[in-house]
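For reference, the structure discussed in these notes is given below.
Given the structure is predicted, the values throughout are model-derived calculations rather than measurements. We count residues from 1, following the sequence as given.
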Amino acid sequence: MSETKSVKSRKVPKKDAENTSAAIVSEKPVVRNTQCWSPEPSTAIKLLWSARFCAALLSNITDCDETFNYWEPLHYVLFGKGFQTWEYSPTYAIRSYAYILLHSLPGHLHSLLLQANRVLVFYFIRCVLGMICALCEVYFYRGVCKAFGANIGRFALLFLLLSTGMFISSTAFIPSSFSMYMTMISIGGWFLGNIPVAILATALSTFVSWPFACIIGIPIAVDLLLRKKQVFDFIKWSVIAVCFILVPQVLIDSYYYGKLVIAPLNIVLYNVFSEHGPNIYGIESWTFYFINGFLNFNIVLPLALVALPLTILVQSFLNSKMDMTRQLLPPWLSLLSMYIWILVFFTRPHKEERFLFPVYPLFCLNAGCSVAAIQKIYHWIFSRYKPQHYTISSNWIAISIAVIFSLTSLSRSAALFYGYHAPLDIYPSLHRTADNPKVHTLHANKQVNVCIGKEWYRFPSNFFMPENWELQFIESDFKGQLPKPYSRQEDATQIIPTHMNDMNLEEPTRYVSV
């Protein structure tokens with residue numbers, strides 16, 4: 001009763017009553033600048049894990065470098081047998097064993113605990129890579145939502161989730177994919193205001209995987225050093241990165257090579273300062289990346305390329321008129337990394353698809369910014385006097401782009417699977433042949449040679465070979481340098497292999513006589 005009385009006796013202040021009455025009778029509607037819907041991070045991670053596990057099981061090995069420069073050294077570290085390329089010769093030492101050891105951890109765990117065959121170890125490592133990629137993507141998604149808003153965030157998520165480019169790169173065992181993971185962590189940390197994470201992720205990408213990936217961190221450095229004047233923090237975390245990332249890496253690589261090795265430095269010296277550089281492996285026209293990018297991202301690529309001018313236009317002329325929330329970072333800075341990468345790599349004669357992997361997430365972000373800018377322009381032209389969020393009037397634009405992108409991406413990914421997945425289907429069947437005594441009549445300890453010619457680059461790695469089965473090369477139309485097996489001695493990584501060169505010259509000693 002006392003509570004009821006106290007409620008009844010409570011009086012509304014006169015000033016508040018007048019304000020309430022004025023609000024009720026006011027004919028002018030109250031416009032709220034509400035954000036549109038976007039998936040929660042918990043929902044996003046479930047979607048991304050599903051997509052990445054599909055990629056781990058269904059995507060192809062699209063680059064022979066992935067097989068011979070990474071899966072084969074990893075197979076050697078795990079099982080004591082594998083092919084060695086000239087990059088792993090102590091004479092040149094431009095690849096890091098620290099990177100290989102990092103990826104050997106799930107392989108050791110699986111092979112030791114489950115005692116499974118090596119094919120399952122291969123796919124388990126791929127699934128781990130997919131899981132890690134999805135975690136990096138969701139962190140990046142959180143940063144995009146905070147810095148750009150929910151609408152751009154959900155489009156970036158859609159493009160990450162379904163693009164063929166991410167289907168290919170997310171579970172690839174290659175440094176450019178690792179740099180792609182670190183791009184999402186560094187840019188996501190920057191957008192979320194977590195500067196230590198942004199710096200350490202950039203350093204990890206630069207030292208462990210690919211030194212040229214450091215250019216993605218240029219806008220972060222500009223923001224910290226020139227805009228925010230956080231010079232001390234930048235230097236402090238950079239020194240920490242050198243001490244806890246580069247120094248252990250140098251120690252690991254020096255141990256494996258048997259001499260002092262700074263692998264990131266060697267990569268730069270070879271690719272930038274050597275007489276021939278990577279051009280001996282082929283050069284492509286200026287259209288290569290545009291064609292390849294369109295195949296992997298379809299309409300996302302042109303949308304990404306025009307993101308900066310569109311975003312600046314909308315922010316300069318429309319945001320104030322539409323009462324839109326401004327971004328935490330200026331668009332010229334937050335979207336700059338992709339354009340720096342394009343400026344550097346699109347102008348190089350030697351081009352490869354994997355060179356774009358580190359900026360694939362930035363394609364998705366920039367394209368999301370373009371879609372939002374187009375929606376804002378449409379809303380301002382046709383519905384600017386309506387008291388509603390700009391995404392409501394322009395929803396048909398968003399749906400159209402999403403449907404076209406999704407169907408085109410899924411069809412492209414399916415085409416890659418059905419057209420090029422044969423090596424990952426054929427080589428596992430060798431195990432059935434090896435286990436069938438009616439077909440394989442040799443003694444189990446007898447070596448079986450699997451000979452291959454100009455299709456050598458489709459070999460998926462020794463993970464798919466039965467025990468005591470060896471891959472052998474036969475002479476073909478290919479006249480470049482092929483890898484050779486690691487020495488069977490214990491210190492094989494420290495032994496300088498014979499008949500190797502850094503000029504991609506043919507080595508006839510690789511061939512067996514048929």
Donor-acceptor pair, S104 side chain versus L101 backbone, under 3.5 Å?
yes

Does atom NZ of K236 have more than 12 heavy-atom neighbours, drawn from other residues, nucleotides or ligands, at distances under 6.0 Å?
yes

Correct closest heavy-atom pair for Q375 and A398 would be NE2-CB, 3.7 Å

Supply the atom-to-atom distance L301 CG to F363 CZ, rounded to the nearest 0.5 angstrom.
5.5 Å

Please check if the side chain of S176 supplies one atom and the backbone of R354 the other of a donor-acceptor pair under 3.5 Å.
yes

Please confirm whether the backbone N or O of D223 pairs with a side-chain atom of R227, one donor and one acceptor, at under 3.5 Å?
no

If I compare all heavy atoms of P106 with all of F124, which pair ends up nearest, and what's the gap?
O-CE2, 3.3 Å

Are F355 and H350, when compared by the centres of their aromatic rings, separated by less than 6.0 Å?
yes

Verify, without hydrogens or angle tests, whether T183 (side chain) and V359 (backbone) share a donor-acceptor contact under 3.5 angstrom.
no

Would you name the heavy atoms of P41 and R142 that are closest together and state the gap between them?
CG-CG, 3.9 Å

Centroid separation F83 to W456 less than 6.0 Å
no

For the residue pair D63 and Y457, confirm or rule out a side-chain donor-acceptor distance under 3.5 Å.
no

What pair of heavy atoms forms the shortest contact from L204 to M182, and how long is it?
CD2-SD, 3.5 Å

Hey, does the side chain of Y99 reach the backbone of I174 with a donor-acceptor pair shorter than 3.5 angstrom?
yes

Spacing of E275 atom CD and I280 atom CD1 [to the nearest 0.5 Å]:
11.5 Å

Main chain of F288, side chain of K351: is a donor-acceptor contact present, judged purely on distance under 3.5 Å?
no

As an exercise, state the distance from CG of L224 to CH2 of W237, rounded to the nearest 0.5 Å.
12.5 Å

Tell me if the centroids of the rings in Y88 and Y256 come within less than 6.0 Å of each other.
no

Before we go on, tell me: are the rings of Y339 and W332 under 6.0 Å apart, centre to centre?
no

Do any N or O atoms from the side chain of S409 and from the backbone of S163 form a donor-acceptor pair under 3.5 angstrom?
no

Should the heavy atoms of other residues, nucleotides or ligands under 6.0 Å from CZ of F244 be counted, would the total exceed 12?
no

Do side-chain atoms of S254 reach the backbone of V261 as a donor and acceptor pair under 3.5 angstrom?
yes

Would you say that L365 contacts F159 through its side chain, given a criterion of any heavy-atom pair below 4.5 Å between the two side chains?
no

Please step through side-chain hydrogen bond (donor to acceptor under 3.5 Å, both in side chains) for the pair S169 and S177, ending with a clear verdict.
CA-CA 6 Å; S169 62; S177 284; 5.1 Å; no

Taken in chain and number order and not counting sequence neighbours, the residues that satisfy side chain to side chain contact (heavy atoms under 4.5 Å, CB included) with P39 are W37, T43, Y141, R154, L157

Would the number of heavy atoms belonging to other residues, nucleotides or ligands and lying under 6.0 Å from CD of E455 be above 12?
yes

Do Y378 and F382 have ring centres separated by under 6.0 Å?
yes

Is the distance between the ring centroids of F357 and F178 under 6.0 Å?
no

Check whether any side-chain heavy atom of L305 sits under 4.5 Å from a side-chain heavy atom of I342, and report yes or no.
yes

Calculate, to the nearest 0.5 Å, the distance between atoms CG and CD1 belonging to L105 and I125 respectively.
9.5 Å

Quick one: does I168's side chain get under 4.5 Å of L416's, heavy atoms only?
yes

Quick one: do E137 and R52 satisfy salt bridge (charged side-chain N to carboxylate O under 4.0 Å, His left out)? Show the steps, please.
CA-CA 11 Å; E137 288 174 279; R52 299 306 162 235; 2.8 Å; yes

Heavy-atom pair with the smallest gap, counting every atom of A134 and W49:
CB-CD1, 3.3 Å

Centroid-centroid under 6.0 Å between W210 and F345 rings
yes

Taking side chain as C-beta onward, heavy atoms only, is Q230 less than 4.5 Å from I195?
yes

State whether the side chain of T347 and the backbone N or O of L343 hold a donor-acceptor pair below 3.5 Å, judged by distance alone.
yes

Looking only at side chains, do S96 and D253 share a donor and an acceptor under 3.5 Å apart?
yes

Ring-ring centroid check F297 Y360, cutoff 6.0 Å:
yes

Within 45° of the axis and under 6.0 Å from the centre of the six-membered ring of Y390, does NZ or CZ of K376 qualify?
yes

Can you find a pair of side-chain heavy atoms, one from N266 and one from Y270, that are under 4.5 Å apart?
no

Answer yes or no: are there more than 12 heavy-atom neighbours, outside I381 itself, under 6.0 Å from its atom CD1?
yes

What closest approach, in Å, do F207 and Q249 show between heavy atoms, and which atom pair accounts for it?
O-NE2, 2.9 Å

Any luck finding a side-chain donor-acceptor pair between N296 and T164 under 3.5 Å?
no

Beyond-backbone contact of P483 with E72, side-chain heavy atoms, under 4.5 angstrom
no

Between T85 and E87, does any side-chain donor sit less than 3.5 Å from a side-chain acceptor?
yes

P330 versus Q315: any side-chain heavy-atom pair under 4.5 Å?
no

Below 6.0 angstrom between ring centroids: does that apply to W286 and F346?
no

Value rounded to 0.5 Å, distance of CG in L336 from CG in L308
7.5 Å

State yes or no: are the ring centers of F464 and F459 separated by less than 6.0 Å?
no

Given side chains that start at C-beta, do those of C133 and M184 come closer than 4.5 Å, heavy atoms only?
yes

Closer than 3.5 angstrom, by distance alone: can the side chain of T67 be matched with the main-chain N or O of S461 as a donor-acceptor pair?
no

CZ/F478: more than 12 non-hydrogen atoms of other groups inside 6.0 Å:
yes

Looking at NE2 of H421 and CG of L57, how far apart are the two atoms once the value is rounded to the nearest 0.5 Å?
8.5 Å

State whether the number of non-hydrogen atoms from other residues, nucleotides or ligands found under 6.0 Å of K228 atom NZ is greater than 12.
yes

For ring-ring contact (aromatic ring centres under 6.0 Å, His included), just list the numbers for F463 and Y427, CA-CA rounded to whole Å, side-chain angles, deciding distance to a tenth of an Å, and then say yes or no.
CA-CA 9 Å; F463 282 92; Y427 278 91; over 10 Å; no

Are the aromatic ring centres of W71 and F122 under 6.0 angstrom apart?
yes

We want to know whether H379 and S393 form a side-chain donor-acceptor pair, criterion being a heavy-atom distance below 3.5 angstrom.
yes

